[in-house]
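Heads up: numbering here begins at 1 and tracks the sequence.
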Amino acid sequence: MEDIVDLADRKALPESEQRILRHSVTALVAAGPQPLPVPPSPPAEAADPSGQDLVRTAADESAAWAQAAEVSNVGDIALEQLMADIRALAADYLTQEPVAVFLRTRRLRDRVFALLEGRQRPRQSADLYVAAGYLCGLLAWISSDLGCLRDAETQGRTAWLCADLSGHNDLQAWVLSTRSKIAFWDGRFGDAINHARRGLAHQPSGTAGVLLACQEADAWSERGSVDEAEAALNRAADVRDTTTGTDDIGGLYSCPEFRRANYAAAIHTRIGNPRLALREAQEALASQPFHAYGTTAQVCISHASTHMALGSLDAACEALGPVLALPPEHRLDTVARRMRELAESLVHAPTADSASARTLRDHIEEFCVESVPRRFALSAREGQD
């Protein structure tokens with residue numbers, strides 16, 4: 001402090017202030033050097049509890065986690081309703097317009113996808129994957145019936161992912177059946193056979209096994225493999241006779257006898273057994289309950305094809321009457337393609353130049369022009385203009 005005020009300054013100070021200055025200097029010298037200020041220490045971490053407090057704290061932490069884990073955005077009643085809605089869609093598709101059912105299915109699929117993005121118990125997540133798998137499978141099937149095979153295959157892959165994540169055996173079989181159907185109409189008969197065989201390997205309950213065996217036979221017949229087609233068709237009959245389980249969803253996800261007979265009639269026609277085909281078609285149309293307008297139309301087409309193969313054009317025209325009467329919104333791609341195949345075979349028939357044959361070909365052409373896929377194609381072009 002003395003260095004701050006020099007000698008001349010001290011002499012100019014009053015005596016009272018000089019005494020204060022001398023006292024302060026003496027006090028500082030007596031106190032010795034002052035330590036530098038110490039920065040504050042960080043707060044110490046709380047010590048772990050001990051004894052009973054340790055056990056109680058751990059229990060409270062587990063209880064808090066369990067409370068959070070128990071929270072779910074879906075309950076058992078909601079899951080039950082979802083499956084009921086899926087059953088209704090699968091049944092409605094057999095009788096209603098495909099586009100209307102497609103829109104409803106898409107909306108329900110979006111709801112299930114949104115729920116899967118939330119939080120639920122593992123069992124509930126598995127049930128949601130099952131629901132999503134059936135819905136994407138239904139969208140895949142409808143897409144193929146609308147003639148959109150590439151989009152159908154995309155839906156089929158997503159359905160398979162859901163089936164795989166859920167580990168649901170019957171769903172896996174039905175998804176593979178759907179993918180087999182798409183591959184068949186896309187001309188990939190080897191893939192159709194492989195999908196069908198993989199589906200059968202899952203040994204599903206209900207009637208999925210019947211449909212899968214029919215689909216394998218269908219693909220073999222398109223390849224011209226008569227022995228393999230007949231073996232697969234016999235396998236379908238064996239599965240039908242030994243199946244004891246029931247179909248969980250039903251509707252589209254079922255294969256009653258009428259549907260099996262549809263495949264059998266088409267396959268026998270293709271491999272050169274028109275009389276067997278005629279019997280299958282006639283028995284189905286006469287005595288078996290209705291399955292779907294699309295399936296019924298295909299049975300009628302097989303019925304007409306067998307009559308043509310047996311030389312009865314008038315009977316073929318009569319058999320096609322219910323098909324030609326279908327409203328345009330029910331003229332699925334599968335039905336339209338079968339009708340075009342029939343028209344092509346008519347060209348090579350002995351009666352190809354007759355007035356009846358020409359009239360029938362004209363009716364088939366008009367039918368296909370007003371089909372659902374044709375309307376889809378026209379609406380797509382109009383949207384681009």
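For D241, the CG atom sits in a packed shell: over 12 heavy atoms of surrounding residues, nucleotides or ligands are nearer than 6.0 Å.
Other members of a hydrophobic cluster containing L54 are absent, since no ILVMFWY side chain comes under 4.5 Å of it, directly or through relayed contacts.
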Quiz: residues 294-308 side-chain donor-acceptor pairs under 3.5 angstrom, not counting sequence neighbours:
from : atom 1 : to   : atom 2 : distance (Å)
T296 : OG1    : A292 : O      : 2.8
Q298 : OE1    : R338 : NH1    : 3.0
S302 : OG     : Q298 : O      : 3.3
S302 : OG     : R338 : NH2    : 2.8
H303 : NE2    : H307 : NE2    : 3.1
S305 : OG     : I301 : O      : 2.9
T306 : OG1    : S302 : O      : 3.4
T306 : OG1    : H303 : O      : 2.7

Sequence neighbours left out, cut at 3.5 Å: what donor-acceptor pairs do the side chains of residues 366-373 make with other protein atoms?
from : atom 1 : to   : atom 2 : distance (Å)
E370 : OE1    : R375 : NH2    : 3.4
S371 : OG     : C368 : O      : 2.8

What pairs of donor and acceptor atoms, side-chain ones from residues 229-238 against any protein atom, are under 3.5 angstrom apart with sequence neighbours left out?
from : atom 1 : to   : atom 2 : distance (Å)
N234 : ND2    : E230 : O      : 3.2
R235 : NH2    : E216 : OE1    : 3.1
R235 : NH2    : E216 : OE2    : 3.1

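A 4.5 Å side-chain heavy-atom check between L313 and L346 finds at least one atom pair inside the cut-off. M83 has its side chain within reach of I249: a pair of non-hydrogen atoms, C-beta onward, lies under 4.5 Å apart.
With respect to R358 and D362, no salt bridge is recorded, no charged nitrogen being found less than 4.0 Å from a carboxylate O. A salt bridge does not link R340 with E365: none of the charged nitrogens is closer than 4.0 Å to a carboxylate oxygen.
Judged as a salt bridge (charged side-chain N to carboxylate O under 4.0 Å, His left out), the pairs with a partner in residues 100-114 (not counting sequence neighbours) are, in order, D92-R104. Residue pairs meeting the salt bridge (charged side-chain N to carboxylate O under 4.0 Å, His left out) criterion with at least one member in residues 282-309, sequence neighbours excluded, do not occur. Residue pairs that meet the salt bridge (charged side-chain N to carboxylate O under 4.0 Å, His left out) test with at least one member in residues 294-323, sequence neighbours left out, do not exist here. Listed by first then second residue, pairs satisfying ring pair (Phe, Tyr, Trp, His ring centres under 6.0 Å) with a partner in residues 117-153 read Y134-Y253, not counting sequence neighbours. Evaluation of the side-chain hydrogen bond (donor to acceptor under 3.5 Å, both in side chains) test over residues 75-86, restricted to residues two or more places apart or in two chains, returns D76-R123, Q81-D85. Counting only residues at least two apart or on different chains, the salt bridge (charged side-chain N to carboxylate O under 4.0 Å, His left out) pairs with a member in residues 129-157 are D145-K181, E153-R157, E153-R179, E153-R188.
Nearest heavy-atom pair across V175 and G156 is CG1-O, 3.9 Å.
Partners of D53 by salt bridge (Lys or Arg N to Asp or Glu O under 4.0 Å), not counting sequence neighbours, listed by chain and number: R56. R270 meets the salt bridge (Lys or Arg N to Asp or Glu O under 4.0 Å) test with D218, E222; sequence neighbours excluded.
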